[in-house]
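Just below is one structure, and these are the notes that go with it.
We use all heavy atoms of the structure for the numbers below, so side chains are in, but hydrogens, waters and symmetry mates are not. One-based numbering, in listed order, for ligands and for the atoms of each. Position 1 is the first residue of the sequence, and the numbers go up from there.
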Amino acid sequence: MSAYLDHNASAPLLPRAREAMVAALAMTGNPSSVHRPGRALRALIDAARDKVAKAAGAEAKQVVFTGSATEAITQAIVGGVKAFAIDRVIVCATDHAATLKAAEATGVSVRVVGVDKDGLIDIEALGRHIETANLAGEKLLVAFSWVNNETGVIQPRGRIEAMVGPTPHILVIDAVQAFGKRDLDFAASATDMMAISAHKIGGPAGIGALLVKGHADTVRLVPGGGQEQGRRGGTESAALIAGFGAACEGFNEAFSVERIGELVEQFEERLLMVAPDAVIFGRETERIGTTVNFAVPGLKNTVAMMSLDLAGIAVSSGSACSSGKVGRSHVLSAMGVAPELGECGLRVSFGWSSIAEEIDAFFKAYETVLSRHRQKGAAA
Ligand SMILES: Cc1ncc(COP(=O)(O)O)c(C=O)c1O
């Protein structure tokens, strides 16, 4: 049996999302056209916007569809820096490349706040940045990933909102890995902008959204023809948007925090049984109950992944965007993980379609990998 244990990279498409997309693809027209076919597509987009808004605790008018969460984050950070004359951008060392690269692209000074050994942001350092900016009369844009994609570590969003929210500074949250699993509560929160993505919850890739409050409207990166209330030009893909809306509903039904949490607990127990020397990163802190990032000392992730892949088991060595590259994870490095151990980090992530049999399949293959590794160690 094969196993797909890489939901943090991209979740399998939910049947409901596929159906909604197929139906939308059969429709003709441009949603901006005033004729009947155009209006039908507009209605489809509006209905999907309502579903996405509901799932994110946002108002429909706060949802701006984008081509990905990467685009949404870039819009928020680069557009936000321009719109609010930001002096400095603050990011967290373990943030996704979408955030780190967007911060670099702003052209203003960037400060990277570190994390502790469990991956939790250095809240005192963040506080010092805010204090310094307040004294200097500078304006900050603070951006961070709420749930880390590589380790599942959850940052203290409430504390960060309480620090940044009451100030004139701008707060941007990458909520990609939290969406569907935590209550985003966007409209009532102190967050100015938030980014989400469809393909992490069983929707299609190529569609994301920026949730944005009225006061936090950014400078548009893609002004174009005035679509998305003038916030993102380009003819909307009704099929992708319909798939996103359907996934928001379908994910709620298909994903159970309790069921997946139990699977992950089982996985960790079995892992420590077969490899008592395994190190599970972020284990001492609160993690989203879908993700296990671990290392068996001396067993390189490239070696383990290759053998697992041959056995039909899909896992990852970290972020999907960087796993093609052999090297260390910037997330594990920031947590102070030694380079040799970092090169052994494997990420296993579960989601709506995960079943216990996939864990069995994983361990069947992984035990072979482990025994080969131990034989090699004994022969050396
Ligand atoms: C935490 C996080 N932020 C941002 C992204 C980017 O999302 P998208 O693939 O929609 O651009 C990802 C996807 O890997 C992610 O895990």
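For S10 and H199, the side-chain atoms include at least one donor-acceptor pair closer than 3.5 Å. There is no side-chain donor-acceptor pair under 3.5 Å between Q155 and S145. If you check the side chains of D192 and H169, you find no donor sitting under 3.5 Å from an acceptor.
Residue N8 has no N or O atom closer than 3.5 Å to an N or O atom of ligand 1. Here's the thing with V176: none of its N/O atoms is less than 3.5 angstrom from an N/O atom of ligand 1.
Among T70, D174, V147, I196, the residue whose heavy atom lies closest to atom 6 (C) of ligand 1 is T70. Nearest residue to atom 10 (O) of ligand 1 from G203, G67, S197 is S197 (criterion: closest heavy atom).
With hydrogens and angles disregarded, no donor-acceptor distance shorter than 3.5 Å links the side chain of Q177 to the backbone of G152. Although no hydrogens or angles enter the test, the distance criterion places no donor-acceptor pair under 3.5 Å between the side chain of T285 and the main chain of G282. Under a 3.5 Å cut-off, the side chain of K213 and the backbone N or O of M193 do not form any donor-acceptor pair.
Close approach of ligand 1 to Q177 is summarised as follows: ligand atoms under 4.0 Å from at least one heavy atom of the residue are 1 (C), 15 (C), 16 (O). Distances below 4.0 Å separate heavy atoms of S68 from the following atoms of ligand 1: 10 (O), 11 (O). Taking a cut-off of under 4.0 Å to the non-hydrogen atoms of H199, the atoms of ligand 1 that pass are 8 (P), 9 (O), 10 (O).
With a heavy-atom cut-off of 4.0 Å, E71 does not touch ligand 1 at all.
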